[in-house]
Chemist: 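Before I ask anything, here is the structure I am working with.
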Amino acid sequence: MGQFTTVCTAIPYVNSVPHIGNILTDLCGDVTARYLRMRGDQVFFQVGTDENGLKIKESAEAQGRDPYEFVAEIAQRFRDIFDATGISYDDFIRTTEPRHVAACQALFRTLRDNGHIYLGTYEGWYDVSTETFFREEELKDGKSPDGNEVRWVSEDNYFFRLSAFSDRVLAHIESNPNFIRPENRRNEVISFIKQGLRDICITRKNPGWGIPVPDQPELVIYVWFDAVINYIASTGYPNPGFEAKWPPAVQWVGKDILTRFHATLWPAMLMAADLPIFDTVVAHGWVLLSGEKMSKSRGNVVRPLELADELSSRTGISQPIAVDALRHFLTATMALEADSSFSYEEFDFRYNADLANDIGNALNRSLSMAHRFAEGIVPASPVEAEAEEAVRGAKLEYEIAMADYRIPAASAAAFGLIRWLGKYTDSRAPWALAKTNDPALPGVIRSMLHAVRAAEGLVRPMLPSTADAIAAQFGLPPLSEWDAIGSEESLPVGHALGQPQPIFPRLEIEKKAAPAKSAPKAEKTKPMPEATPETKPAPNPAPAADEQITIDDFLKVKLRVARIVEAEPVEGADKLYKLQIVVGEEPRQLVAGIRKSYTPEELIGRQIVVVANLKPAKLRGVESQGMLLAATDETGAAILLMPDREAPEGATVR
RNA sequence: GGCGGAGUAGCUCAGUUGGUUAGAGCAAACGGUUCAUACCCGUUAGGUCGCCGGUUCGAGUCCGGCCUCCGCUACCA
């Protein structure tokens with residue numbers, strides 16, 4: 001047993017059935033794993049489900065279900081979808097499994113023994129639905145930044161000394177340019193860490209669900225702290241032998257969980273435990289639908305199997321081939337550095353253009369020509385030089401892309417070979433050569449077959465069922481060794497080829513009349529910011545509406561004259577004053593960022609103009625019940641607005 | 001506000017270290033071909049390479065400023 005090449009994927013939280021965006025992480029991991037296996041690596045490919053956390057327990061109970069049974073059912077659904085979409089995992093780990101619990105507790109113990117975990121009192125606001133603590137100043141209108149309910153908690157908990165690892169994590173990122181991919185995410189992480197990392201509270205009071213803290217079962221480990229440990233638990237940690245699979249070569253994650261968890265917390269945890277760190281973490285963007293993130297609450301989700309089933313019923317292709325169509329869409333159109341969009345039109349379009357017209361037709365036409373002009377066997381004449389060159393070039397381009405985990409670029413290399421074949425076939429025109437009994441004919445036929453057989457190997461990581469179907473029509477075993485791509489042995493001379501059979505029947509897409517010019521298809525890529533929530537049947541956006549408001553709009557803003565009675569700096573802030581003011585008779589507290597421009601003495605006693613009906617908000621933990629009006633000079637300094645002469649206290653301004 | 005990214009043909013995007021007529025795919029128009037799943041091939045787009053200025057013999061490609069969009073992050077009320 002040698003060293004494994006380990007591929008990890010972020011595990012989804014089991015609170016709903018996955019949509020096509022959710023499986024993107026696993027698909028990326030799968031393509032990577034399949035590619036590396038073809039390269040000859042002994043691959044260990046981990047996937048799984050994240051099942052702890054209070055939210056799960058509450059969801060289960062809300063349905064009157066036993067939590068264990070509840071998560072088991074949902075985890076199975078994920079597993080079924082992974083299986084059906086061809087995710088070739090070697091291990092499916094659930095965070096409720098004993099092996100994961102044991103790994104968490106072992107790691108926790110190690111960190112506690114090392115002094116990287118300490119006991120402290122946590123007091124603050126807690127958002128149950130995301131299991132996150134918030135500082136006072138992070139709250140918005142008494143709710144979490146995401147708008148969830150929060151409750152005040154005060155409990156003794158363990159903290160992880162994340163702050164102590166800022167420098168080391170940063171140094172690691174900076175000295176390993178490939179540690180975080182793609183580049184733009186790397187920059188985001190660096191600037192995040194440079195602001196300093198705070199220690200993180202990593203336990204919660206045990207609600208009867210979760211992983212108990214060793215020796216202190218009244219506490220459970222925070223779900224995020226526990227979740228990332230699954231990667232190493234999957235390799236067998238802490239049992240001897242896990243080192244054969246640890247550390248991973250690559251860890252795939254969605255962009256939303258990169259910065260806080262996989263690029264900072266998780267490496268810091270590994271450092272603290274003296275464990276090796278994975279080579280690379282790659283973050284991909286989201287798959288948007290009509291420009292919006294898919295979410296169950298929005299009701300705009302596309303489920304992978306439903307999509308495949310629908311395609312399958314429209315074309316008559318088998319489900320695995322339909323799944324490949326989905327895999328192709330995602331791997332070809334995704335961009336690592338940005339979000340990508342899904343639409344049904346685009347999906348059909350890609351199916352016809354890339355799969356039916358390009359790869360399907362290339363196979364069909366090459367095989368039928370071989371039967372027509374070469375008696376259905378692989379001719380002995382040598383492959384023409386330009387075909388050798390095209391295959392070699394595509395293969396190299398593919399390898400370069402995959403070395404950097406640029407899956408869409410690898411896909412483009414594979415399809416580029418197919419497109420090359422179309423031009424080649426036309427330029428050599430075997431049907432014309434046949435008429436004149438040209439001796440070049442067999443070499444051309446063999447070259448075409450050579451290219452298709454190579455393409456089978458190149459698309460195999462993305463489209464495993466399609467690749468199998470191509471091999472089957474060739475009457476050859478699957479081309480599953482990378483080095484065999486483009487080789488003599490992969491396509492033996494004299495081999496009797498199978499009969500061609502369309503793999504991807506063309507979809508009939510009714511051509512739209514001609515709305516091409518007038519309506520740019522409802523702005524699929526850049527949805528205009530719509531103020532109106534909910535339904536939007538006939539948007540008809542009024543363009544100038546932004547720039548002009550009505551008098552009624554203006555009168556909604558209640559401006560009043562107020563007097564400053566006290567001014568003191570806000571602790572821990574260097575721009576803010578806490579001001580006590582009176583609006584008429586009514587005392588108010590304001591927070592204002594004018595410390596650079598005024599001393600407290602200059603402020604006290606002055607009359608100012610304030611927005612009196614502004615929703616209170618917290619800045620740096622201090623409530624501000626309004627906003628004062630000020631102009632800004634060219635340096636950005638504030639210039640207070642004041643009445644021209646003493647105004648009646650609390651006078652209305654308009 | 002800070003940091004970062006992006007702005008290239010109708011659409012999706014490529015464009016290495018600055019260098020001859022700025023590219024690909026798709027869509028559209030026209031033409032060709034018939035081996036193939038009405039498929040494939042060729043031609044056509046006359047694109048101010050976001051705007052302004054600068055460096056240079058020469059800039060999409062470097063520098064400065066500005067505009068717009070996006071991401072991250074804030075002591076923005």
Side-chain angles (χ1 to χ4, degrees), chain A residues 137-138 182-195 255-256 258-260 283 285 315 332-333 335 337-341 345-346 349-350 352-373 408-409 412 415-416 418-419 421-435 441 444-445 448 500-508 511-512 514 516-517 520-521 524-526 529 569-577 590-593 595-596 610-611 614-630 632 636:
Chain A
E137 64 266 25
E138 288 176 314
E183 192 75 17
N184 58 337
R185 301 292 166 204
R186 180 169 182 264
N187 294 336
E188 286 174 14
V189 172
I190 289 174
S191 55
F192 175 73
I193 296 177
K194 279 189 173 160
Q195 296 177 82
K255 67 172 185 181
D256 49 327
L258 174 75
T259 307
R260 289 199 147 75
T315 57
T333 65
E337 38 288 296
D339 296 339
S340 52
S341 298
E345 295 77 21
E346 189 77 4
F349 186 73
R350 282 273 171 181
N352 270 352
D354 296 347
L355 300 178
N357 295 353
D358 280 356
I359 197 167
N361 185 241
L363 169 70
N364 201 255
R365 128 189 244 213
S366 303
L367 276 183
S368 38
M369 265 190 260
H371 281 284
R372 192 140 168 176
F373 302 132
F415 281 84
I418 301 289
R419 246 174 267 118
L421 178 59
K423 296 190 213 309
Y424 171 80
T425 305
D426 258 54
S427 70
R428 302 297 278 129
W431 53 92
L433 299 178
K435 282 178 186 154
L441 179 61
V444 172
I445 299 295
M448 292 170 60
Q501 182 72 41
I503 302 177
F504 299 104
R506 232 181 117 75
L507 273 175
E508 288 314 319
K511 306 221 176 196
K512 299 143 211 148
K517 288 177 192 168
K521 285 192 187 169
K524 66 181 170 187
T525 45
K526 283 184 186 168
V570 173
E571 201 165 326
D574 52 43
K575 282 193 198 158
L576 297 184
Y577 277 126
L590 291 194
V591 177
R595 202 149 124 202
K596 291 267 165 65
V610 301
V611 180
L614 192 65
K615 221 183 232 183
K618 291 213 173 77
L619 281 92
R620 207 65 191 170
V622 181
E623 177 151 303
S624 183
Q625 302 156 328
M627 178 172 89
L628 58 73
L629 299 189
T632 314

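Lettering follows sequence order; numbering is per chain, from 1.
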Chemist: Give me the distance, rounded to whole Å, that separates rC67(B) from rG53(B) when you measure between the C1' atoms they each carry.
Modeler: 15 Å
Chemist: What integer distance in Å separates Asn361(A):CG from rU34(B):C1'?
Modeler: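 Result: 12 Å.
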Chemist: Which heavy atom of Thr333(A) sits nearest to which heavy atom of Arg350(A), and what is that distance?
Modeler: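 Closest approach of Thr333(A) to Arg350(A): CG2-NE, 3.6 Å.
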Chemist: Starting the side chain at C-beta, find the nucleotide from rC40(B), rA36(B), rU37(B) nearest to Asp358(A).
Modeler: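 Between rC40(B), rA36(B), rU37(B), the one nearest the side chain of Asp358(A) would be rC40(B).
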Chemist: Take the protein atom CH2 of Trp431(A) and the nucleotide atom P of rC39(B), then report the distance between them rounded to whole Å.
Modeler: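 For the pair Trp431(A) CH2 and rC39(B) P, the rounded distance is 16 Å.
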Chemist: If rU55(B) has a Watson-Crick or G-U wobble mate with both distances under 3.5 Å, name it; if not, just say none.
Modeler: none
Chemist: For rU48(B) and rA22(B), measure between their P atoms and round to the nearest Å.
Modeler: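 Going atom to atom, P in each nucleotide, I get 13 Å.
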Chemist: Supply the atom-to-atom distance Thr259(A) OG1 to Ile190(A) CD1, rounded to the nearest 0.5 angstrom.
Modeler: 11.0 Å
Chemist: Nearest 0.5 Å, please: how far is CD1 in Ile418(A) from CG in Asp354(A)?
Modeler: 10.0 Å
Chemist: If you assign each of Met627(A) and Ala362(A) to its closest nucleotide in RNA chain B, which residue comes earlier from the 5' end?
Modeler: Ala362(A)
Chemist: Mind checking the P distance from rG23(B) to rC39(B)? Whole angstroms is fine.
Modeler: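 Looking at atom P only, rG23(B) and rC39(B) are 28 Å apart.
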Chemist: Any side-chain N or O of Arg506(A) under 4.0 Å from OP1/OP2 of rC39(B)?
Modeler: yes
Chemist: Over how many whole Å does the gap from Arg595(A) atom CZ to rA77(B) atom P extend?
Modeler: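 Result: 13 Å.
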Chemist: Using side-chain heavy atoms (C-beta onward) and a distance below 4.5 Å, is Thr425(A) in contact with Trp431(A)?
Modeler: yes
Chemist: Should rG31(B) form a Watson-Crick or G-U wobble pair with both distances under 3.5 Å, which nucleotide is its partner?
Modeler: rC41(B)
Chemist: Would you classify Phe504(A) as touching base, sugar-phosphate or nothing, given that sugar-phosphate means primed atoms plus P, OP1 and OP2, and contacts are heavy atoms under 4.0 Å?
Modeler: base
Chemist: OP1 or OP2 of rC39(B) versus the side-chain N and O atoms of Arg365(A): is any pair under 4.0 Å?
Modeler: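 No, no such contact exists.
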Chemist: Could you check whether Gly626(A) gets within reach of a base, just the sugar-phosphate, or nothing at all, counting any heavy atom under 4.0 Å?
Modeler: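 Sugar-phosphate, backbone atoms only, no base.
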Chemist: Hey, are the side chains of Pro430(A) and Arg372(A) touching, using non-hydrogen atoms and a 4.5 Å cut-off?
Modeler: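 Pro430(A) vs Arg372(A): side chains apart.
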Chemist: Under a 4.5 Å cut-off applied to non-hydrogen side-chain atoms, are Val611(A) and Leu629(A) in contact?
Modeler: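 The answer is yes, as the side chains (C-beta and beyond) meet within the 4.5 Å cut-off.
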Chemist: Asp426(A) or Leu628(A): which one's nearest nucleotide on RNA chain B is closer to the 5' end?
Modeler: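 Checking each residue's closest nucleotide, the 5'-ward one belongs to Asp426(A).
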Chemist: To the nearest Å, give me how far apart CZ (Phe192(A)) and P (rG71(B)) are.
Modeler: 17 Å
Chemist: With rounding to the nearest 0.5 Å, note down the distance linking CG in Leu590(A) to CE in Met627(A).
Modeler: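 Answer for the CG-CE pair, Leu590(A) versus Met627(A), is 10.0 Å.
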Chemist: If the C1' atom of rU43(B) is compared with that of rA6(B), how far apart are they to the nearest Å?
Modeler: 34 Å
Chemist: Searching all strands shown, indicate the nucleotide that pairs with rC75(B) (Watson-Crick or G-U wobble; both distances under 3.5 Å).
Modeler: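 The base-pairing partner of rC75(B), which may sit in any strand shown, does not exist here.
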Chemist: Check whether any side-chain N or O of Asn352(A) sits under 3.5 Å from a backbone N or O of Leu507(A) as a donor-acceptor pair, and report yes or no.
Modeler: yes
Chemist: For a quick check of understanding: with a heavy-atom distance under 4.0 Å over all strands, which category does Asn357(A) fall into, base, sugar-phosphate or nothing?
Modeler: sugar-phosphate
Chemist: Without decimals, in angstroms, what is the distance between Asp354(A) CG and rU12(B) C1'?
Modeler: 12 Å
Chemist: Between P on rA27(B) and CD on Glu346(A), what's the gap in Å once rounded to a whole number?
Modeler: 11 Å
Chemist: For rC49(B), which nucleotide in any strand shown is its Watson-Crick or wobble partner with both distances under 3.5 Å?
Modeler: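 Paired with no nucleotide.
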Chemist: Using a 4.0 Å heavy-atom cut-off across all strands, classify Pro430(A) as base, sugar-phosphate, or nothing.
Modeler: nothing
Chemist: Taking atom C1' of rA36(B) as reference, at what distance in whole Å does atom CD1 of Ile359(A) sit?
Modeler: 15 Å
Chemist: Tell me which nucleotide among rC35(B), rC39(B), rA77(B) gets nearest to the side chain of Met369(A).
Modeler: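 So the nucleotide nearest the side chain must be rC35(B).
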Chemist: Between protein and nucleotides 42-44 of chain B, what N or O pairs are separated by less than 3.5 Å?
Modeler:
none

Chemist: Grab the CZ-P distance between Arg419(A) and rA14(B) for me, whole Å please.
Modeler: 15 Å
Chemist: For rG46(B) and rA29(B), measure between their C1' atoms and round to the nearest Å.
Modeler: 15 Å
Chemist: Base, sugar-phosphate, or nothing: which does Val591(A) touch, judged by heavy atoms less than 4.0 Å apart?
Modeler: sugar-phosphate
Chemist: Go through the structure and list residues passing side chain to side chain contact (heavy atoms under 4.5 Å, CB included) with Ala434(A), not counting sequence neighbours.
Modeler: Phe373(A), Leu441(A)
Chemist: Any chance you could lay out the side chain to side chain contact (heavy atoms under 4.5 Å, CB included) test for Ile359(A) and Leu363(A), step after step, and finish with the verdict?
Modeler: CA-CA 6 Å; Ile359(A) 197 167; Leu363(A) 169 70; 6.0 Å; no
Chemist: Just checking Leu367(A): base, sugar-phosphate only, or nothing, at a heavy-atom cut-off of under 4.0 Å?
Modeler: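 Result for Leu367(A) = nothing.
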Chemist: Determine the interatomic distance between C1' on rC72(B) and the same-named atom on rU44(B); round to the nearest Å.
Modeler: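 Those two atoms are separated by 44 Å.
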Chemist: Between rG10(B) and rU55(B), how far apart are the C1' atoms? Round to whole Å, please.
Modeler: 36 Å
Chemist: For nucleotides rU61(B) and rG50(B), find the distance between their C1' atoms and express it as a whole number of Å.
Modeler: 16 Å
Chemist: Scan every strand shown for a Watson-Crick or G-U wobble partner of rU17(B), both distances under 3.5 Å, and answer none if you come up empty.
Modeler: none
Chemist: Across the strands shown, which category fits Gly593(A) at heavy-atom distances under 4.0 angstrom: base, sugar-phosphate, nothing?
Modeler: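 The residue Gly593(A) makes sugar-phosphate contact but no base contact.
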Chemist: Ser368(A) side chain: which of rU37(B), rA77(B), rC35(B) is closest?
Modeler: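 Side chain of Ser368(A) sits closest to rC35(B).
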Chemist: Measure from the side-chain heavy atoms of Pro502(A) and tell me the nearest of rU34(B), rU37(B), rC35(B).
Modeler: rU37(B)
Chemist: Find the partner of rA24(B): check Watson-Crick (N1-N3 plus N6-O4 or O6-N4) and G-U wobble (N1-O2, O6-N3) distances, both under 3.5 Å, and reply none if neither fits.
Modeler: rU12(B)
